[in-house]
Asks: 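Okay, handing you the structure first.
Both counts, for ligands and for their atoms, begin at 1 and track the order of listing.
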Amino acid sequence: MDDVLVRFPPGFHWGAALSAHQAEGGNRGNDWWRFERRPGAIRDGTTSGDACRHWERFDADFARARGYGHTMHRLSLEWSRIEPDRGRRDAAAVAHYHEVLASLRRHGLIPLVTLHHFTNPLWIADAGGWESRATLERFDEHVRFCAREYGGEVDWWCTVNEPEVAAFRAYSEGTWPPGCRDDARALGVLANLLEAHGRAYRILHDEDRADADGDGRAAVVGFAKHLPQLVPDRPWFVPDLVRARVEDRVFNAAVLEAPVTGRIALSIPGAGRVERRPPGLAGSLDYLGLNHYTRWRVRALSRLPRVAGRGAPRNDLGWEVWPEGLADAARRAARTGAPVLVTEHGLADAADARRPRALVEALLALGRAVAEGTPVLGYLHWSLMDNFEWAEGYAGRFGLEHVDFADPERPRTPRRSA
Ligand code: IFM
């Protein structure tokens with residue numbers, strides 16, 4: 001009975017999230033577009049191609065989101081479209097994003113804009129990507145440009161999406177561009193991305209002085225943290241325990257601490273250590289974006305270092321479906337002292353067999369956490385519609401809406417979850 005009494009506070013934001021490369025289609029100028037062409041890079045052999053054709057269809061997409069009762073929408077601006085060559089801004093792309101933002105406002109959706117969602121312009125990738133210190137300068141310039149250009153329409157900013165995922169998939173696992181397998185390099189990239197967040201935080205506050213929605217705040221800035229629970233698979237087996245602690249420390253704890261204390265301290269035994277205290281990073285969270293999907297059981301001395309619980313329900317990608325985990329992650333995220341905004345949560349479930357129930361259970365648990373005093377500002381589902389799931393291709397269907405990728409018109413059909 002308690003469950004039905006869960007209430008979210010007035011002003012709680014509801015909505016969904018998308019990212020440019022996964023939905024727009026035709027993002028030819030970035031490192032993902034090139035990587036997708038490597039044989040075997042994408043598990044189902046697809047490429048992002050036209051994706052959802054959201055570039056053309058954004059207005060109708062936002063109208064439907066509003067129809068579901070959404071009040072906020074998370075999107076990303078594709079850096080390679082805005083600045084296809086170093087220092088050259090594409091006027092048509094810049095104007096396009098003004099239209100996108102105007103459409104969101106027209107439909108009553110508050111935009112939450114992500115400035116870096118995994119993709120890099122080719123000219124950045126070819127100049128060393130996030131291993132190069134020069135990329136921090138180039139990103140500063142991009143952030144400054146966006147703050148000045150779009151600050152009048154945007155108050156909510158997400159600097160970097162999942163810096164830890166970007167670093168480890170691309171530089172440690174080697175499954176994302178540029179496809180390296182070197183933990184030491186991954187640590188360096190993660191440190192640079194965290195530093196970039198701190199710098200972007202200061203730039204956005206300096207440059208965006210326009211209060212777009214009249215609530216007295218011109219810029220509300222955070223980044224999105226992918227926060228899975230990493231637990232030992234066999235708690236009685238010391239190597240599993242140690243490995244789970246090491247992974248949680250570098251992937252979760254260190255990333256949560258950095259924007260609070262200003263200290264970046266990353267280490268992996270045998271791979272080295274990165275330690276620095278860049279100016280501007282301390283106190284750089286107006287909110288913490290929480291992306292939550294699953295928990296992983298960590299195994300040492302095993303071919304598969306992370307597995308889903310035996311017998312646990314799984315999504316289409318084999319990740320454990322654990323609805324209560326969202327509230328648990330929100331409590332942990334709130335220990336940073338920043339209010340939490342769920343910037344992503346969902347599951348790949350083409351048949352929509354598990355999603356409706358998992359969604360309700362996750363929200364009930366989140367509502368109870370809010371009632372206990374956990375500061376949560378809103379919930380954005382990943383994703384509004386099926387889209388290009390990176391190295392999984394189109395096999396991971398996370399949408400509230402089904403998209404028919406075989407049809408050039410890319411029709412969308414609401415699932416029961418919507
Ligand atoms: O699709 C991704 C998204 O780009 C970042 N967070 C996790 C999602 C699902 O894997």
Side-chain angles (χ1 to χ4, degrees), residues 15-25 27 30-33 35-36 42-44 46-48 51-52 54 73-79 112-120 158-170 173 175-177 190 193 197 222-230 251-252 255 288-296 306 308 314-322 325-326 329 333 341-350 354-355 358-359 362 379-401 403 405 417:
L18 283 170
S19 88
H21 189 72
Q22 293 176 272
E24 287 176 351
N27 278 318
N30 69 35
D31 52 352
W32 264 92
W33 185 274
F35 180 74
E36 290 158 24
I42 308 299
R43 191 174 299 203
D44 65 359
T46 57
T47 58
S48 59
C52 309
H54 182 61
H73 178 78
R74 179 173 174 225
L75 69 157
S76 70
L77 307 182
E78 175 62 28
W79 185 4
L112 190 162
V113 167
T114 304
L115 291 165
H116 189 273
H117 196 120
F118 297 153
T119 56
N120 296 299
C158 172
T159 56
V160 179
N161 182 65
E162 301 179 353
E164 59 292 319
V165 174
F168 285 107
R169 286 235 196 283
E173 294 171 17
T175 50
W176 287 11
L190 178 52
L193 285 166
H197 158 75
F223 77 103
K225 168 79 189 85
H226 189 85
L227 188 56
Q229 288 80 0
L230 294 163
F251 195 86
N252 288 333
V255 177
L288 178 68
L290 168 64
N291 294 0
H292 186 266
Y293 290 89
T294 191
R295 75 176 144 195
W296 290 108
R306 278 170 293 280
R314 294 170 189 218
N315 76 11
D316 293 349
L317 299 178
W319 310 355
E320 179 175 346
V321 178
W322 183 41
L326 176 65
L341 175 62
V342 178
T343 37
E344 289 181 26
H345 168 259
L347 56 151
D349 180 16
R354 295 190 188 278
R355 190 184 290 103
L359 194 42
Y379 171 91
L380 307 180
H381 189 76
W382 185 271
S383 180
L384 178 60
M385 64 188 112
D386 294 339
N387 55 59
F388 181 69
E389 178 55 20
W390 308 112
E392 305 290 339
Y394 287 104
R397 288 182 174 265
F398 284 84
L400 293 174
E401 300 175 329
V403 177
F405 294 104
S417 295

Asks: Mind checking whether H381 and Y379 have parallel, tilted or perpendicular rings, split at 30° and 60°?
Replies: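 H381 and Y379: tilted rings.
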
Asks: Considering non-hydrogen atoms of the protein only, which is the closest contact for atom 1 (O) of ligand 1, and what is the distance?
Replies: E389 OE1, 2.6 Å

Asks: So, is S19 polar-close to ligand 1, with some N/O to N/O distance under 3.5 Å?
Replies: no

Asks: Which residue, E344, K225, H226, forms the side-chain hydrogen bond (donor to acceptor under 3.5 Å, both in side chains) with N291?
Replies: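 When E344, K225, H226 are each tested with N291, the side-chain hydrogen bond (donor to acceptor under 3.5 Å, both in side chains) holds only for E344.
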
Asks: Using the six-membered ring wherever Trp is involved, compare the ring planes of W79 and H116 and label them parallel, tilted or perpendicular (cut-offs 30° and 60°).
Replies: perpendicular

Asks: Nearest heavy atom to atom 8 (C) of ligand 1 wins, so pick from F398, Y293, F118.
Replies: Y293

Asks: Considering only non-hydrogen protein atoms, determine which one is nearest to atom 6 (N) of ligand 1 and report residue, atom name and distance to 0.1 Å.
Replies: E344 OE1, 2.5 Å

Asks: For atom 4 (O) of ligand 1, which of Q22, H345, E392 has the closest heavy atom?
Replies: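 Heavy atom nearest to atom 4 (O) of ligand 1 belongs to Q22.
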
Asks: State, to 0.1 Å, how close N252 and P228 come at their nearest heavy-atom pair, and which atoms those are.
Replies: ND2-O, 2.9 Å

Asks: Check each atom of ligand 1 against the heavy atoms of N161 and keep those under 4.0 Å away; list them by number with element.
Replies: 5 (C)

Asks: Please list, in number order, the atoms of ligand 1 under 4.0 Å from a heavy atom of W319.
Replies: 10 (O)

Asks: What distance separates W32 CH2 from I42 CD1, expressed to the nearest 0.5 Å?
Replies: 5.0 Å

Asks: Would you say H117 has any N or O atom under 3.5 Å from an N or O of ligand 1, going by distance alone?
Replies: yes

Asks: Which ligand 1 atoms does E162 reach within 4.0 Å, using its non-hydrogen atoms?
Replies: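 Here the atoms of ligand 1 in question are 5 (C), 6 (N), 7 (C).
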
Asks: So do F251 and V165 actually touch side chain to side chain, heavy atoms under 4.5 Å?
Replies: yes

Asks: Calculate, to the nearest 0.5 Å, the distance between atoms OG1 and CG belonging to T159 and L193 respectively.
Replies: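 Answer rounded to 0.5 Å: 9.5 Å.
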
Asks: How does F388 reach ligand 1, if at all, at less than 4.0 Å between non-hydrogen atoms: by side chain, backbone, both, or neither?
Replies: neither

Asks: Taking 4.0 Å as the limit for heavy-atom contacts, which would you say applies to H226 with ligand 1: side chain only, backbone only, both, or neither?
Replies: neither

Asks: Would you say that more than 12 heavy atoms from the other residues, nucleotides or ligands in this model lie under 6.0 Å from the CZ of R314, or not?
Replies: yes

